[in-house]
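The next block holds one structure in the form of structure tokens; read it before the comments.
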Amino acid sequence: MNNEEKKAYNIFEIASNFCIEGNIETIVPHGSGHINDTFYLKNTNVALPGYLLQRINHHVFENVPALMANVQLVTGHLKKKLALVAGSNPDKEVLTIVLAKDGQCFFCDAEGNYWRMYCFLKDTKSYDLVLTEQQAYEGGKAFGKFQLLLADLDAGLIYETIKGFHDITVRLDSLNKIVLADPENRVKDVLPELTFVMERSQEMVTIINLGKEGKLPLRIIHNDTKFNNILLDANDHGQCVIDLDTVMPGYVAYDFGDAIRTIINTASEDEEDLTKIDLSIPLFTAYAQGYFESAGGFLTDTEVKSLSMGVLLIPYMQGVRFLTDYIAGDVYYKTHFAGHNLQRTRAQFQLLRKLEEKYDLLDQVIQNVAETSRQLASETK
Ligand code: ADP
Ligand code: GN1
Ligand code: MG
């Protein structure tokens, strides 16, 4: 399902169903996401905005109208809150949905594909790999602020776009089921990876169990805090958090862990040469500093303690998800070559080995940053 529709869409025709200003001059495939298809639409009149058109993967997101209602709710809330903050610019700092001509926030074409459009935020960049401490720090600030601004939004209004999205017990169940079915006869190739998963399955339920015991609050979180889901401005300051499809209730450690997964790794998410995978502690520290600057004020002590567990959990869960998809026959993530999902799995598990080796240090950094943030807060009271 993931790679099925590598066909050319009539993007001009699709775009004509949205309320755009001016005319579209060129259309360029954009970004490196694994789920949706994204196109940048340049305006003939440079004074007018460009647009970002996305085909939403409706195999992954089964109820697109409900998903878009979430995006509308979340962006509306963020814009309202930012409008009250001096010096903020909600148009630049929050995604703006461009409505379809029938007034809906998506357009469904004759083949049943769902499309949405956002205003293109010009002079911004997103990074697959983080290069500087400033970028990492800005990322932490942006994702922390995102959680902070959504803290007073009623979670009951949010539709769960993918059930059990970050529930590790659900992910392990899916893996077990696909191992039993083994539809492509691939299980024989992944026995070391399956052993790796089993060896850690007990410890990885800690966060979800703390949540079930009522010790961790459910908050509205982003749930896909890959670093490339933040747009930085021309000066590398965090401008806008994007990719809002999975904004749902969850535990803050999930967002922290997912961001760190992409920030701390000196290599790509799917690095083939495992010897290139290493940790950058300065980038980790910078992200934690930025994050606590925004979120330090609302985190409970148990949440602070849970962050380092999230740093292990999310690469583990990501590896489990890539492995499940490999065994299933590559039906979920876009893949670019045979064995891509297995290569991704191995890279995530190698990253996890490195994180495990440095766990005590990483936890210490978080506790130090938390302490400094507490001291600063009490001094400014
Ligand atoms: P995916 O779900 O496929 O990851 P994203 O919504 O993250 O899709 O968009 C893919 C890429 O497009 C992003 O990494 C970013 O580079 C770019 N992008 C997304 N939204 C905008 C926007 N409103 N303005 C400018 N660039 C954007
Ligand atoms: C997918 O859409 P994208 O590429 O931002 C996935 C995330 C994974 C990520 C791994 C809806 O995100 O959960 O962490 O790939 N999104 C969904 O790179 O499954
Ligand atoms: Mg994305």
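Residue numbers start at 1 and run along the sequence shown. Ligands are counted one by one from 1 in listed order, and the atoms in each one are counted from 1 as well. Everything numeric in this text was worked out from a predicted model, so none of it was measured.
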Practice item. Compute the minimum heavy-atom distance from R321 to ligand 2 and say whether it is under 4.0 Å. Key: yes
Exercise for review: Can you pull out the closest protein heavy atom to atom 18 (O) of ligand 2? Residue, atom name and distance to 0.1 Å, please.
Suggested key: E269 OE2, 2.6 Å
Practice item. Would you mind running through ligand 2 and noting each atom that sits below 4.0 Å from a heavy atom of H34? Key: 2 (O), 3 (P), 4 (O), 10 (C), 15 (O), 18 (O)
Review point. Are K125 and Y127 close enough that a side-chain donor and a side-chain acceptor fall under 3.5 Å?
Key: yes
Check your understanding: Aromatic ring centroids of Y9 and W115 under 6.0 Å?
Key -> yes
Review point. Just distances here: any N/O of T246 and N/O of ligand 2 closer than 3.5 Å?
Key: no
Exercise for review: May I ask you to check whether F61 and H58 place their ring centers less than 6.0 Å from one another?
Suggested key: no
Exercise for review: Do me a favour and list the nearest non-hydrogen protein atom to atom 11 (C) of ligand 1 with residue, atom name and distance?
Suggested key: G31 CA, 3.8 Å
Check your understanding: Aromatic ring centroids of F120 and Y51 under 6.0 Å?
Key -> no
Exercise for review: Please could you name the atoms of ligand 1 that N36 approaches to less than 4.0 Å, counting only its heavy atoms?
Suggested key: 2 (O), 3 (O)
Practice item. Would you kindly say whether Q348 and R321 are connected by a side-chain donor-acceptor distance under 3.5 Å? Key: no
Check your understanding: Do S308 and Y359 get their side chains close enough for a donor-acceptor pair, meaning under 3.5 Å?
Key -> yes
Review point. Does one side chain, of H340 or D270, offer a donor that lies under 3.5 Å from an acceptor on the other?
Key: yes
Review point. Taking the six-membered ring where the residue is Trp, are the ring centres of Y291 and F256 under 6.0 Å apart?
Key: yes
Exercise for review: Could you say whether the N/O atoms of N228 and ligand 2 ever approach to under 3.5 Å?
Suggested key: no
Exercise for review: Could you verify whether a donor N or O on one side chain and an acceptor N or O on the other, from D330 and T335, lie under 3.5 Å apart?
Suggested key: no
Exercise for review: Examine ligand 2 and decide if any of its atoms is less than 4.0 Å from a heavy atom belonging to D245.
Suggested key: no
Point to revise | Non-hydrogen side-chain atoms of I97 and F106 separated by less than 4.5 Å | key: no
Review point. What residue and atom, counting heavy atoms only, is the protein's closest point to atom 2 (O) of ligand 2, and at what distance?
Key: I35 CG1, 3.4 Å
Review point. Would a line drawn from the ring center of H30 to the ring center of F39 be shorter than 6.0 Å?
Key: no
Study note, to complete from the structure: So the atoms of ligand 1 within less than 4.0 Å of a heavy atom of Q54 turn out to be 5 (P), 6 (O), 8 (O), 9 (O)
Check your understanding: In terms of atom number and element, which parts of ligand 2 are under 4.0 angstrom from non-hydrogen atoms of G33?
Key -> 4 (O)
Check your understanding: Taking C-beta and beyond as the side chain, do Q343 and F337 meet within less than 4.5 Å on heavy atoms?
Key -> yes
Check your understanding: Under 3.5 Å, is there a donor-acceptor pair between the side chain of Q318 and the main chain of E269?
Key -> no
Practice item. Give yes or no for whether the N/O distance cutoff of 3.5 Å, strictly under, is met between N229 and ligand 1. Key: yes
Revision key, fill the gap. Note: ligand 2 atoms sitting under 4.0 Å from heavy atoms of N229 are 5 (O)
Review point. Judged by modelled atom types alone, do N43 and E25 share a side-chain donor-acceptor pair under 3.5 Å?
Key: no
Review point. Does an N or O from N223, backbone or side chain, lie closer than 3.5 Å to an N or O of ligand 2?
Key: no
Point to revise | Over 12 foreign heavy atoms within 6.0 Å of NZ, K79 | key: yes
Exercise for review: Using heavy-atom distances, let me know which of T124, L52, L244 sits nearest atom 21 (C) of ligand 1.
Suggested key: L52
Review point. Among protein heavy atoms, which lies nearest atom 26 (N) of ligand 1, and at what distance?
Key: F120 CE1, 3.5 Å
Review point. Going by the atom numbers of ligand 2, which of them fall below 4.0 Å from some non-hydrogen atom of K226?
Key: 3 (P), 4 (O), 5 (O), 9 (C), 10 (C), 12 (O), 15 (O), 18 (O)
Exercise for review: Would you mind reporting whether I314 and T225 have side-chain heavy atoms less than 4.5 Å apart?
Suggested key: no
Exercise for review: Answer yes or no for S32: is there an N/O/S atom below the 2.8 Å cut-off from the Mg ion (ligand 3)?
Suggested key: no
Check your understanding: Heavy atom under 4.0 Å from ligand 2: found in D243's side chain, backbone, both, or neither?
Key -> side chain
Exercise for review: Return yes if a side-chain donor-acceptor contact under 3.5 Å exists between Q364 and D360, otherwise no.
Suggested key: no
Study note, to complete from the structure: protein heavy-atom neighbour closest to atom 17 (C) of ligand 1 works out as H30 CD2, 3.4 Å
Practice item. Go through ligand 2 atom by atom and flag the ones less than 4.0 Å from a non-hydrogen atom of F61. Key: 11 (C)
Check your understanding: Is N228 close to ligand 1, meaning an N/O of one under 3.5 Å from an N/O of the other?
Key -> yes
Point to revise | Distance filter under 4.0 Å to L95 heavy atoms, resulting ligand 1 atoms | key: 23 (N)
Study note, to complete from the structure: To atom 24 (N) of ligand 1, the nearest of D243, I35, L121 on a heavy-atom basis is L121
Review point. Got the closest protein heavy atom to atom 7 (C) of ligand 2, with its distance?
Key: D224 OD1, 3.7 Å
Review point. Is Q202 atom CD crowded by more than 12 heavy atoms from other residues, nucleotides or ligands, each under 6.0 Å away?
Key: no
Point to revise | Close approach of K122 to ligand 1, heavy atoms, under 4.0 angstrom | key: no
Check your understanding: Counting heavy atoms only, which part of R261 comes closer than 4.0 Å to ligand 2: side chain, backbone, both or neither?
Key -> side chain
Check your understanding: What is the closest protein heavy atom to atom 8 (C) of ligand 2, and at what distance does it sit?
Key -> Q318 OE1, 3.3 Å
Exercise for review: Say whether S32, considering both its backbone and side-chain N or O atoms, lies within less than 3.5 Å of an N or O atom on ligand 1.
Suggested key: no
Point to revise | For atom 13 (C) of ligand 1, the protein heavy atom that lies nearest, with its residue and separation | key: I242 CD1, 3.5 Å
Check your understanding: With respect to M117, which candidate in L41, L99, L52 satisfies the side-chain contact (heavy atoms from CB on, under 4.5 Å) definition?
Key -> L41
Practice item. Consider every N or O of S32 and every N or O of ligand 2, then say whether any pair is closer than 3.5 Å. Key: no
Point to revise | N/O/S from D243 sitting under 2.8 Å away from the Mg ion (ligand 3) | key: yes
Review point. Identify the closest protein heavy atom to atom 10 (C) of ligand 1: which residue and atom is it, and at what distance?
Key: T38 OG1, 3.9 Å
Review point. Are side-chain N/O atoms of D236 and Q135 paired as donor and acceptor at under 3.5 Å?
Key: yes
Practice item. Record the part of K125 in heavy-atom contact with ligand 1 below 4.0 Å; permitted values are side chain, backbone, both and neither. Key: neither
Study note, to complete from the structure: The protein heavy atom nearest to atom 3 (O) of ligand 1 is G33 CA, 3.3 Å
Exercise for review: Establish, yes or no, whether a centroid distance under 6.0 Å links the rings of F143 and F146.
Suggested key: no
Review point. Is the closest heavy-atom distance from C119 to ligand 1 below 4.0 Å?
Key: yes
Practice item. Within a distance under 4.0 Å of any heavy atom of Y332, pick out the atoms of ligand 2 and give their elements. Key: 11 (C), 17 (C), 19 (O)
Practice item. Can you pull out the closest protein heavy atom to atom 16 (O) of ligand 1? Residue, atom name and distance to 0.1 Å, please. Key: S126 OG, 2.7 Å
